[in-house]
Amino acid sequence: MKMDVVISGVGGQGNIFASLVISQYAMNKRLNVLGAETIGAAQRGGAVVSHIRIAEGEIYSPLISRGQADLLISMEYVEMLRHIRLLNPQGAYLVNAMKIPTVLNNMGLDEYPEPEEILKAARQYCPNGYVIEAAATAKKLGNIQMTNVVMLGALVRIMPFFDYDEVKWLINANSPERFKDANIKGFEEGFQLIN
Amino acid sequence: MNEKRILLSGNEAVARGAYESGVKVAAAYPGTPSTEILENIRAYKGIYAEWSPNEKVALEMGMGAAFAGARALVAMKHVGVNVAADPLFTMAYTGLRGGLVLVTADDPEMHSSQNEQDSRNYAKFAKVPMLEPSDSQEAKDFTGLALELSERFDTPVMLRSTTRISHSKSIVLLKEPAEQTAEPKLVKDPLKFVMLPANARKRHPVVEKRMEDLSRFAETFPENRIEWGENKIGIITSGISYQYAKEVMPEASYLKLGMVYPLPQELIRSFASRVEKLFVVEDLDPFIEEQVRAMGIAITGKAAFPLCGELTPALVAKGLKGFSPLPVDEISRNLPARPPIMCPGCPHRGIFSILSKLKLYVTGDIGCYTLGFLPPLSAIDTCVCMGASIGNALGLDKALGEEALGKVVAVIGDSTFLHSGITGLLDVAYNKGAVTLIILDNHTTAMTGRQDHPGTGFTLKGEEAFQVDLVRLAKVLGVKHVKVVNPYQLAATERVIKREVKRPEPSVIISQAPCVLSRRERAVTGKPFLVNSEVCTGCRACLRLGCPAIMWVKENENEAGGKKRKGRALIDHFLCNGCTLCEQVCKFSAIKETNGQ
């Protein structure tokens with residue numbers, strides 16, 4: 001088996017936590033794991049992307065190549081489409097229903113495409129996509145920072161590779177004490193978002 | 001089984017390697033992609049770890065520790081080696097007593113650098129051996145091996161990483177630290193350590209002899225290994241390139257080099273003679289390729305792989321197979337770019353909005369403030385290396401004289417000033433430059449993730465330390481006119497900048513306000529501001545600040561409610577840090593503070 005995962009978003013959206021949970025899950029299954037992170041742009045609103053490669057056999061490159069990813073998890077529309085070509089069209093993408101304009105969009109110097117257009121382009125490339133109200137759910141639960149755990153809940157629902165209880169346990173183990181309960185709640189709600 | 005198996009980045013693995021192999025002293029100046037090495041070493045007991053003011057000092061202090069017989073690690077990014085090159089070259093002559101490893105993290109593709117120089121050339125130039133790991137396990141193991149080789153051959157050893165090794169994660173088996181290494185002590189050995197010409201002339205042949213010994217050693221060094229596959233294609237490679245090649249052509253035969261300098265010539269000859277076609281896959285320069293070619297062996301390298309930028313599995317596939325099963329362009333749609341930007345509430349924004357308004361020629365430096373180059377501020381005209389802003393401004397002044405007066409200003413961050421700016425300012429004062437320097441003092445090394453430095457009052461270990469006073473420092477260097485400004489007060493700051501740039505004498509303006517991400521201090525309230533949509537005229541003055549919290553909302557005639565505007569400004573409640581700059585630039589008093597709700 002192999003599972004190549006790309007997580008994309010904007011600095012501060014919790015990519016790193018999500019990639020940590022996924023990597024540890026694979027480590028606990030005694031699988032091979034490689035990961036690559038973009039660091040540096042994260043704190044300044046730049047685009048961030050993590051690659052996580054999981055396999056039973058030998059894997060070498062920490063970078064995922066075009067058409068290779070089984071799963072693309074995106075915290076935002078544009079950052080989903082930016083990386084969609086890393087996805088195998090037979091794979092699946094999971095996108096948080098949220099647009100985060102760039103500073104140039106804000107200034108009116110370029111345009112943030114309509115989410116509907118973005119989703120249309122994504123669907124043309126890969127039919128198997130899930131648009132999740134993760135940020136809205138996190139906000140409803142009291143903290144938009146929980147978007148990432150809501151996304152992890154939805155991920156477990158669509159990818160049988162991930163075991164519900166084990167991922168929940170890992171979220172709990174990796175959360176700071178004061179966020180443990182809220183993060184678990186976010187994960188559970190995320191799981192319910194997909195029927 | 002005491003072995004623990006965890007996922008580590010290359011940088012975390014180097015830090016662990018230092019701990020496991022008994023390093024006593026570690027030093028660095030932060031620089032992407034090397035920064036996390038020292039940030040991780042600081043947590044290990046028994047290692048003295050410091051942020052040094054710059055890489056040269058870091059290497060010199062590591063060298064002193066090794067003179068005492070302690071094991072030392074010094075880390076830096078590739079351009080840091082330029083700064084540390086002076087001690088490096090002579091250290092190859094003196095040798096050491098304890099082991100010393102110099103870790104250089106190269107940045108092919110320039111993810112966060114001003115050039116993509118290939119540090120392997122330094123190994124050859126300075127005549128020191130260099131190891132290059134291919135994953136985190138090797139990053140850890142090679143750190144220990146480098147220290148062993150350093151002691152065995154009495155030489156500093158370089159360990160070369162790249163961004164993809166430093167910032168990629170793979171599984172590492174941890175070990176407990178080795179038995180205590182030899183206790184450091186003071187031993188005089190002036191013939192070896194005093195590089196007067198008479199002594200150095202005796203040491204140079206030692207260096208040449210050592211390189212011969214190392215070349216012989218390289219032939220049987222277990223980390224230079226052949227992995228036999230099909231004999232049609234043989235690939236010589238190292239570092240991350242090895243992983244990419246294995247990924248796309250696992251069936252080929254490999255000569256994987258753990259030591260990239262000096263090269264094992266006999267091993268290469270024997271490998272080359274047993275394969276039909278020979279490739280070398282290496283990031284950046286044709287470093288291995290040229291040496292193999294000089295041995296009279298036909299090899300394909302840069303003819304098939306790019307010289308500029310970093311390799312990827314797709315580029316390696318294209319080079320090896322002549323076509324790529326994985327097309328190289330990964331983003332075909334024209335999506336809006338999302339470059340890093342100054343944070344909402346960043347203290348640099350006020351200064352750059354003024355420099356932009358005054359249309360000054362700004363000699364820039366290395367740090368977050370280099371982002372002042374980007375639109376809409378567009379207020380940086382040069383950026384070369386750490387400290388260059390000051391020398392560049394002095395050169396402009398001496399070449400242009402009166403012509404440049406009032407038109408040029410140099411900007412540098414506090415950490416960069418202490419790294420390499422002090423001597424530049426000394427030159428300005430000594431040689432009577434009509435130069436104005438703005439020190440953007442945000443009390444941290446912000447760009448690399450807020451590390452401490454001699455101006456912050458804290459050490460890497462978090463202990464309190466003497467805090468250098470930049471005003472007094474500028475004065476003792478010989479600058480008479482030193483002004484401190486608050487960059488959140490635009491009008492007052494603009495007056496000072498206008499007056500100082502016209503001064504035909506050296507002057508320094510210190511813009512003092514903590515980084516908005518600082519964990520220790522705050523200069524802004526954090527209470528968001530609000531645009532009154534009734535009052536906003538849509539003039540865009542606030543948008544020219546380039547603040548990510550301020551948005552433009554387009555309006556048609558109906559939406560504008562009879563107002564003559566094409567849109568209006570809107571402040572993102574969550575992003576705004578309440579820095580007041582937009583309130584100050586709004587001529588219509590449309591922007592007001594909220595009560596934080």
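All heavy atoms count here, side chains included; hydrogens, waters and symmetry mates do not. Chain identifiers are assigned alphabetically (A, B, ...) following the order of the sequence lines, protein sequences preceding nucleic acid strands; residue numbering begins at 1 within each chain. From a predicted model like this one, the values you see are computed outputs, not experimental measurements.
Between B:Arg338 and A:Glu76, some side-chain heavy-atom pair lies under the 4.5 Å cut-off. A heavy-atom distance below 4.5 Å is found between the side chains of B:Tyr244 and A:Pro62. Inter-residue side-chain proximity for B:Ser170 and A:Val33 is flagged as unmet; no heavy-atom pair is nearer than 4.5 Å.
Between B:Ile171 and A:Leu31 the shortest heavy-atom distance is CD1-O, 3.7 Å. The shortest non-hydrogen separation linking B:Pro336 to A:Glu111 is CG-O, 3.8 Å. When all heavy atoms of B:Ala314 and A:Ser65 are compared, the pair lying nearest together is N-OG, 4.2 Å.
Between the OG atom of A:Ser50 and the NZ atom of B:Lys169 there is a distance of 9.0 Å, given to the nearest 0.5 Å. Going from atom CD1 of B:Ile240 over to atom CG of A:Leu63 covers 7.0 Å, rounded to the nearest 0.5 Å. With rounding to the nearest 0.5 angstrom, the CD atom of A:Glu37 is 13.5 Å from the OG1 atom of B:Thr163. Rounding to the nearest 0.5 Å gives a distance of 9.0 Å between CG of B:Leu7 and OG of A:Ser19. Rounding to the nearest 0.5 angstrom, the gap separating the OH atom in A:Tyr112 from the CG atom in B:Leu335 is 9.0 Å.
For B:Cys346, no part lies under 4.5 angstrom from a heavy atom of chain A.
Chosen from B:Ala337, B:Pro344, B:Pro250, B:Ala245, the residue pairing most often with chain A at heavy-atom distances under 4.5 Å is B:Ala337. Of all the listed residues (B:Arg544, B:Lys554, B:Arg164, B:Gln243), the one sharing the greatest number of non-hydrogen pairs under 4.5 Å with chain A is B:Gln243.
Contact residues of residues 95-109 of chain A toward chain B are A:Ile100, A:Pro101, A:Thr102, A:Val103, A:Asn105, A:Asn106, A:Met107, A:Gly108 (heavy-atom distance under 4.5 Å).
The number of heavy-atom neighbours closer than 6.0 Å to CZ of B:Phe373, taken from other residues, nucleotides and ligands shown, is 12 or below. Sparse packing is recorded around CG of A:Asp181, with 12 or fewer heavy atoms of other residues, nucleotides or ligands lying under 6.0 Å away. A 6.0 Å sphere centred on NZ of A:Lys120 holds no more than 12 heavy atoms belonging to other residues, nucleotides or ligands.
A salt bridge links B:Glu247 with A:Arg53: the closest approach of a Lys/Arg side-chain nitrogen to an acidic carboxylate oxygen falls below 4.0 angstrom.
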